[in-house]
Protein chains: 2
Amino acid sequence: MIKKEIQEKRIRGYFIDATKTLLKGEGLKSISVRNIADRAGYSYATLYNHFNDIKDLIFVCVNDFQAECAEFIRNETAASPRGIEKIRAIINAYVKYFVQYPGIFDLFFLEKISDITNKQSTVEMIYYLTDRLCSEEWTYCIDEKIVSAGEAETLKAEIRNVIAGLLLFYINRGYPENYQEFINLTQNQINHILDR
Amino acid sequence: MIKKEIQEKRIRGYFIDATKTLLKGEGLKSISVRNIADRAGYSYATLYNHFNDIKDLIFVCVNDFQAECAEFIRNETAASPRGIEKIRAIINAYVKYFVQYPGIFDLFFLEKISDITNKQSTVEMIYYLTDRLCSEEWTYCIDEKIVSAGEAETLKAEIRNVIAGLLLFYINRGYPENYQEFINLTQNQINHILDR
DNA sequence: TAGGAAGAATTAACACTGTTAATTATATTA
DNA sequence: TAATATAATTAACAGTGTTAATTCTTCCTA
């Protein structure tokens, strides 16, 4: 019956929305089966009729957040000139997004995954997120002979890792100690990678 | 009484040793108050007579592991020629250490801290660990006019962040998917930063 | 429309977690 | 030796994820 599928999808949606709200608000530490179910308007055990376990539910949110992040970046960087300048703007917006929602950073990079096997695509999506967000601009830079294809690959990886490290230290360890210092350092690092 | 202090220190040591064994073996997820106390030969509540809470105990281990890591690197890099080459060797050994003990990586970079205020020095120690491990070689490079002092600071930060990012993705997300690929990528990134 | 079958949602329970208060055991001192 | 101080323990609480058993609801057929 197609009717069942619609209902199923709707109920899953209630749980997912509740989880997303919690993640964006109070963060990952506030997430619990009973907490989510309360917000969704169901009993805690009902969650297990629609998801394998709580990690399953939590990682379903990654897709939505990833789309939201991309949309946020599109708006922030619409006016930036193409090429290296746009890559710089994209990375800045990317950093801004995760600083605004540290709970989503926790989910994307810190939270352990229960069953790694069927989460492979999710992990891949997270890993290549910065690459994907900048890919248009990189091909533009390659076409315009600003960088070689090989060099671009190395730079993609460097940005991916540097930004992950910077966010890890700032969000999870409070280093640098204030936002301005953090932004300055990030700026400095990005410039050092991109300007040559 | 000095006698009391000796006893106090001894008992603390039992708990610390138990925690260290668990962290190096089964990792952070196996850590619990009762688990540690069992291994230490005490009741779980006794732990609270010697530590504020379990996070307190866990983060006491950071000092020991940091010293162990430094010692490991000294042994691994004793034969390396000074300067950039030695920095490369130090970073490789550093990466090797955390890949060998993913539980210690979790502790250093992922685990949340309860009371941030009096852990400031611990956080700082972790943050500047790669800088400190390489500091002798950086001053050597500056003295030999291989790099400027300003450039060295930027490179220190770049290494700190890139390596944190690489380890985060590999240890916590299983990317790249096998060890050889991970090492190749790490090599590539380090060379790109250091060779210019 | 009534009754039975299938499905979904709930409660109760279990095995954990960290932490604290009250109690017992041990050691020290008068 | 007796009284006191200190250390270690047990019991308990509030929380976690998860599962089995039970109730409730919906749907289809007689």
Side-chain angles (χ1 to χ4, degrees), chain A residues 1-19 22-23 25-61 103 106-107 110-116 118-119, chain B residues 1-19 22-23 25-61 103 106-107 110-116 118-119:
Chain A
M1 300 275 159
I2 206 76
K3 212 193 289 180
K4 288 279 162 209
E5 286 174 28
I6 293 173
Q7 287 180 10
E8 169 65 18
K9 199 159 190 175
R10 236 201 294 269
I11 294 171
R12 276 177 68 96
Y14 298 147
F15 281 102
I16 293 167
D17 285 346
T19 309
L22 282 169
L23 280 169
E26 306 187 53
L28 226 163
K29 67 179 181 307
S30 78
I31 293 279
S32 80
V33 176
R34 287 161 178 82
N35 210 341
I36 293 169
D38 273 358
R39 224 168 256 264
Y42 286 93
S43 169
Y44 50 88
T46 307
L47 193 149
Y48 292 91
N49 295 338
H50 304 279
F51 301 90
N52 293 331
D53 54 33
I54 192 173
K55 301 254 181 191
D56 210 58
L57 167 56
I58 290 173
F59 275 93
V60 166
C61 301
D106 285 353
L107 167 60
L110 270 40
E111 178 70 354
K112 306 279 179 189
I113 306 176
S114 54
D115 185 11
I116 204 85
N118 62 355
K119 300 282 182 3
Chain B
M1 301 271 158
I2 207 77
K3 210 193 288 182
K4 289 279 161 207
E5 286 174 27
I6 293 173
Q7 289 180 8
E8 170 64 18
K9 199 161 190 175
R10 234 202 294 272
I11 294 171
R12 276 178 66 95
Y14 297 146
F15 281 102
I16 292 167
D17 286 345
T19 308
L22 282 170
L23 279 170
E26 307 187 53
L28 226 164
K29 69 181 178 306
S30 77
I31 294 279
S32 79
V33 175
R34 286 161 179 83
N35 209 341
I36 292 169
D38 273 359
R39 224 167 255 265
Y42 287 93
S43 169
Y44 49 86
T46 308
L47 193 148
Y48 292 91
N49 296 337
H50 303 279
F51 301 90
N52 293 333
D53 55 33
I54 192 173
K55 301 255 179 188
D56 210 59
L57 166 55
I58 289 173
F59 276 91
V60 166
C61 301
D106 285 354
L107 168 61
L110 272 38
E111 178 70 356
K112 306 279 178 186
I113 307 174
S114 53
D115 185 13
I116 206 81
N118 62 354
K119 301 281 180 4

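Protein chains get the first letters and strands the later ones, always in sequence-line order, with residue 1 at the start of each.
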Which part of the nucleic acid, if any, lies within contact of Ser32(B), taking any heavy atom under 4.0 Å across all strands shown: a base, the sugar-phosphate backbone alone, or nothing?
-> sugar-phosphate
Given salt bridge (Lys or Arg N to Asp or Glu O under 4.0 Å), test Arg39(A) with Asp17(A) step by step and report yes or no.
-> CA-CA 9 Å; Arg39(A) 224 168 256 264; Asp17(A) 285 346; over 6 Å; no
Tell me: CZ of Arg10(B) to C1' of dA8(D), nearest whole Å?
-> 17 Å
Ile36(A) CD1 to dT18(D) C1', in whole Å, measures 14 Å
Whole angstrom is fine here: how far is it from OH in Tyr44(B) over to P in dC16(C)?
-> 14 Å
Nearest-angstrom distance from the residue atom CD of Gln7(B) to P of dA7(D) = 8 Å
Backbone N/O of Glu26(A) and side chain of Lys29(A): donor-acceptor pair under 3.5 Å | yes
Keeping the roles fixed (side chain from Ser32(A), backbone from Asn35(A)), state whether a donor-acceptor pair exists under 3.5 Å.
-> yes
Measure from CG on Asn49(A) to P on dT11(C) and round the result to the nearest Å.
-> 13 Å
Ala45(B) side chain: which of dT20(C), dT17(C), dA8(D) is closest?
-> dT20(C)
Length of the line joining Ile6(A):CD1 and dA8(C):P, which is rounded to integer Å | 15 Å
Whole Å only: how far is the CZ atom of Phe51(B) from the P atom of dA8(D)?
-> 12 Å
Whichever of His50(A) and Arg34(A) has its nearest DNA chain C nucleotide further upstream toward 5' = His50(A)
Relative to the ring of Tyr14(A), is the ring of Tyr42(A) parallel (under 30°), tilted (30 to 60°) or perpendicular (over 60°)?
-> parallel
Nearest to the side chain of Ile11(A) - dA8(D), dT18(D), dA9(C)?
-> dA9(C)
Atom CG of Asp38(B) and atom P of dT10(D): how far apart are they, to the nearest Å?
-> 11 Å
Taking only N and O in the side chain of Ser43(B), is any of them less than 4.0 Å away from OP1 or OP2 of dA8(D)?
-> no
